[in-house]
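By convention in this document, chain letters (A, B, ...) are assigned in the order of the sequence lines, proteins followed by strands, and residues within each chain are numbered from 1. Computed from a predicted model, the values in this text were never measured in an experiment. Worth knowing before you read on, the calculation uses all heavy atoms, side chains too, and leaves out hydrogens, waters and symmetry mates.
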Amino acid sequence: MFQEVKDADFVRGEHSALKFWQDQKIFQKLRERNAGGPRWSFLDGPITANNPMGVHHAWGRTYKDTYQRFFAMMGYDQRYQNGFDCQGLWVEVEVEKQLGLGTKTAVNEYGIDNFVNECKRRVLTFAARQTEQSVRLGYWMDWDDPDQLRLLAEKVGSDEPVNFTAPSGKQESAPAHQIVERLGNPEWGGSYFTFSTENNETIWTFLKKCFTRGKIYLGHDVMPWSGRGGSAYSQMEIAEGRKLTTHKSCFVRFPLRSRNVAGCESEGVTGNQTPSPSDSQTPRQEYLLVWTTTPWTLTSNVAAAVNLDLDYVKLKANRDDAVYYFAKENLHFKRLEREFKEGFGRPEWKWPEGTPKLKTLAQIFKENGGFEELDTIKGAEMVGWEYDGPFDDLPAQQQPGGFPEDENFSDRCGTTCHRVIDGGRDSRGAAHVVAGEGTGIVHIAPGCGDIDHKMGAEHGIVAIAPLKEDGTYDEGFGDFTGREAISPETAELVFEKLKEKGLLVNVETYPHIYPHCWRTGDELVFRLVDEWFINMDWREEIKDVTRQIRWLPNSIDGQERECEWLSNMSDWMISKKRFWGLALPIWVDEESGDFEVMGSLAELKERAVEGWDDFEGNTPHRPWIDHVKIRNEKTGNLMTRIEDVGNPWLDAGIVPFSTLSYNRNHDEWQKWYPADLVTECFPGQFRNWFYSMLSLSTMMRYDETDDPAEKRPFKTLLGHRLVMDEKGQPMHKSDGTAIWFEEAAEQLGVDTMRWMYLAQNPATDLRFGTRHGDEQVTLETPDGPTAETKEGVPCCKVTSQPADEVRRRVLIPLWNSYAFFVNYARLDEFNPNAQKIPVADRPEIDRWVLSNLQSVLKVAQDEMPNFNAAAFCKAAEDFLDDLTNWYIRRNRRRFWRSRKVEGQEARDEGLIDGWDADKLAAYQTLYEVLVTLCKALAPFIPFLTERMYQNLVGATGEGQGASDAPQSVHLCEYPLPDQELLDPTLNARTATAQLVVKLGHKLREEKNLRVRLPLAELQFACASAEQREAIEHLGDVIREELNIKQISGADNLDDLVTYSFKPNLKTLGPRYGKLLGAIRNELPNLDGALLAPLRSGESVTVTLGGEDIELGPDDVMVSTEQATDWSCADEAGIQIAISTVTTPELEREGMARDFVRQVQSLRKDHDLEIQDRITVEFSSDDPEAAAAISEWDSYIREETLADSITRIEEAPDKVEPAAIGGAKASIWISRV
RNA sequence: GGGCGUAUAGCUCAGUUGGUUAGAGCGCAGCUCUGAUAAAGCUGAGGUCCCCGGUUCGAAUCCAGGUACGCCCA
């Protein structure tokens, strides 16, 4: 017996489904069932275990779950391993905040070991959190017990043994860190963690292969650096540390070489002479005028950059007749004028008090004796000019190859590189050098700046890097050596020296936004640092592999994008001067510069000459691994590991090897490699995860196969775009627009969200919804009401139009169909296990709906293996519409009809188990449709389908003997299309009838003839015999739907309509070319009679555009145009005409139906039960209405279960008159 | 600056090999149906298919140029 179905209550239902799965171990049973079956290999991209999940994470995870569930129902064995991304700066930053540490020194004082343990702890904590959230999403994975993860988090750093139970049930007792490093191993199961020793060690395998091929090298990069903190900073940290400050900035002049004389060689300097542009008799020194806010970098100046297109003024200063070049615009440019008035963009960033307004360059020159403009030239003309640097006397400037020395540039040094270069453009096409704040000539110090370094590399000029780790000048910088770069005294020393050399033009106090250490508040500097790189000159190998992969969705052209990146990318910088991450297995002999890469811990142990005992028993992380030293076999020197940690994309890129036991169990690895599917949010991943997987796989396999297809880590990649807010804007954690997973899950429902994600085109952004930060809500969860997340963020109201639409268009109709079935089946005590009526014996509409269902199942088989869930969703939505608005609506009466027909003895052969065969067929058909639909939709909306299945099948399975039914919908096999039930003609036939009904409704609408008013006749004519047959066959249906008394076919509707003729350009165009214009104009005006034969399939010859044209039936399109007393419409070759003439008889019948409608509405208002009987009373002034009601008395009573209908003179006051045809009547009812 | 992509109704998007009257959903307006009700159906209004050339009998579609936006790169 079915349980009564009430409101859907989606969210509460999801919690009960979750409990059911957990209690009954459904997922475990599914895995056991499929074990040993054919394999389908999914590879999960690790999620950063650093924060709780938001709705943007749930899109990809829904894909992952849905495809896994689909292939599981298809019988495939799978791994179900989730991954957590654990190492890297993002974790360090959060942990530093948490601990209040801001500098390298502070971390060192805190202890690297304590710090690293804290990182592990944070990762484990959020892994537990994300596990719980994923479970709520219905994401079936081999999850660790969140409580076990939290236990490990708590115990990390302590040596006391922890009793740990793995997902597989295996137990282990060991110190927490020794368990943590083995999480996700094949014996234990559970998620993989990229901090595992297996993962780190497999990266060592990769790096060893790179080393063996000679691809690892030591290079340089310029990084934001804190001297006191002694560490480099990321872009992310810099964004947090921007502050308004003032610096002493200065204008400096660089003397141009070989341009010290302008005009002629004559001598005689007279300062007060008034030269004219044409009369330049004076030898004058020419200068580039440059400006900087970081005077300390002038020691390292190597070049000067200009903008090629900019106008530069040539200006003479009267004081010393010096000639300056700088951007023309800058002469009168009012620097920081707006900032002086309005501040720097934030309320707290006001112009600093006591700082004078800046002068224009014109003003500065005027105050120093006046100036004269001589000429204007383009920046392009200046390129190549050489000049003397301001500090060419420093040894560092003179050292060949720059400072530190670069062997590739030993033919040049700082002083020999001084020249004007093209400043170039940035990634957005904006010029690096612009007029405005500076002088349009930018001093370039490749050892001190990010862009400078890139420009330097581009122009082949050396870098001079002045700073040591502590932020002070290195040896080789004369009086500067040992001074701190950011100290104001250093700037003063620079000014002093410049003044001595006569190069200082002006000094001023300049306020600006400058990067600071977000924790200590110290100013940052840019510093050239050693970094380790992989030479990517084997990029073609990777591209070959990339081409073996299918990239979805097609419209994104992912393969092209990935190949483009591979073509353009530079060498891969794999090192990072941090604490928490992969220990790069590079050991260096400081003395000789030799380095070696260890390929495994075993190799390291064999080579270790020192420190192994200190390391053993710990994870291969800093600080423990740093103890181990090896010996350089060439020199005999000790080799020390570099302190750097690895780029975290190495961690994620090795996953196709590490998680599949590449190093430990090659056979097992081969079973699952390459993965069938990888799916991820794509915009950034082409150069992150996809890139790292492709690179690492190509290198890992280079010595094993030459076939690029065998190197590929995955066969198909499914990318999807981003989750945005309702307006298409990105959602941010910082401004409270980001929606936390629980907020959405408990307010919108997870099935709803899943359908949103799955029905979305993955190539476009998903506009999810809106978080109302000012409206806090309390979420109802099984654990009780929740007003904030576990992190203390208040829960806010979330609204989503797309979610509302999904619920309205998909979930509610599905639920209503199910509720309709179940609630009538209960009344009728329908037994789904009763003898089946053969489908062939069921009414056509039953066969139609079953056939349609097979089409949906076929879409699943066609599209799901192509990872096109959206196509299936569309098909399912269409089917649902047919099911509710055609099948169920049309068949309602079959379910209401009393179970046993009168006089059954006489019709015994028509009864089955005492049931009317037609009614039983309806029940059986709808039951089959609903159960099949449940299974077909189970991977998509696992909660709702489970609830339906439990009632439809589960209850009967246990209670009524069909015990072979699987316990859960998710243990069912995915339904395959049954060819026997698939009947395309049936589908087409019904579609035709639906089309006629639609056309009929349209005509009624146009003529303002309500459907309750019966009409006399509908005539139709069709282009094809199939259509005609369909309409005749379903004539009763059409009559009922349209409320039309008679429906009749005709060869043509010539008597009812007139025709219009239009040329078929597609056929005539190629034949008549230019004549087409005339044909188009004249054909519609021809006498219809001339063209009439076309309608019976004959050709005609007519004169058009002065030529005889032969027109075949295909050359002319005929359409219906007008009618009298009839209203006509045509579509897809079907013409229909309905009689628009009404008669008093028809009017009266229409009135009766209006009356019924009103009574039904009253019944509903009175909350009557379906079977309650009533009496009806009415009053009306209209004799026609009264006559109609009396004429149709028995019909009305039957339809409304009324015992009597009585006309009364006066209606009670409160009764509102209702429209009955053109008349009014007041109606009221009472229950008997 | 180079490369790629996009531009269609108020919004979000479809639009096959060039073909006649450019579609869907949402929103809006009106109507209808309804004993599944957190319903549904129909109709309507709403379009310079970004602009300008070209190819063609014919261009939203193909080509060239431009504009705007997005992404990628140095």
Atom C1', compared across B:U56 and B:C63: separation rounded to whole Å: 12 Å
Sugar-phosphate only, base, or nothing, as touched by A:F10 at under 4.0 Å among non-hydrogen atoms: base
Rounded distance (Å) that lies between atom P of B:A40 and atom CG of A:L880: 11 Å
Distance in Å, A:E680 CD paired with A:L717 CG, rounded so as to fall on 0.5 Å steps: 8.5 Å
Span that lies between the P atom of B:A36 and that of B:C28, in whole angstrom: 26 Å
Interatomic distance, A:W886 CH2 vs B:C42 P [rounded to whole Å]: 11 Å
Protein-nucleotide distance (A:K6, atom NZ; B:A38, atom C1'), rounded to Å: 17 Å
Phosphate OP1/OP2 of B:A40 contacted by A:R808 side-chain N/O (<4.0 Å): yes
Greater than 12 external heavy atoms within 6.0 Å of A:R12's CZ: no
Interatomic distance at C1', B:C50 relative to B:A45, whole Å: 24 Å
Student check: side-chain heavy atoms of A:F533 and A:W572 closer than 4.5 Å: no
A:D765 vs A:A8, nearer the 5' end of RNA chain B by closest nucleotide: A:D765
Dot-bracket notation for RNA chain B, counting Watson-Crick and G-U pairs under 3.5 Å, with | for partners on another strand: (((((((..((((.....[...)))).(((((.......))))).....((.((..]....)).))))))))).
P spacing across the pair B:G15 / B:U55, given as an integer number of angstrom: 29 Å
OP1 or OP2 of B:U12 under 4.0 Å from side-chain N/O of A:R767: yes
Nearest-Å distance once atom C1' is located in both B:A22 and B:A60: 8 Å
Interatomic distance, A:R807 CZ vs B:A39 P [rounded to whole Å]: 12 Å
Length of the CG-C1' vector between A:D1154 and B:C33, whole Å: 12 Å
Rounded P spacing from B:A14 to B:U6 in Å: 10 Å
Interatomic distance, A:T990 atom OG1 to A:R890 atom CZ [nearest 0.5 angstrom]: 10.5 Å
Gap in Å between the two P atoms, one belonging to B:G19 and one to B:G58, rounded: 14 Å
Could you go through residues 454-461 of chain A and list every donor-acceptor pair under 3.5 Å that involves a side-chain atom there, pairing it with any protein atom two or more places apart or in another chain?
{"unit_1": "A:H459", "atom_1": "ND1", "unit_2": "A:M455", "atom_2": "O", "d": "3.1"}

Side chains of A:E562 and A:T546, donor plus acceptor under 3.5 Å: no
Residue mapping more 5' on RNA chain B - nearest nucleotide basis, A:Y887 or A:T764: A:T764
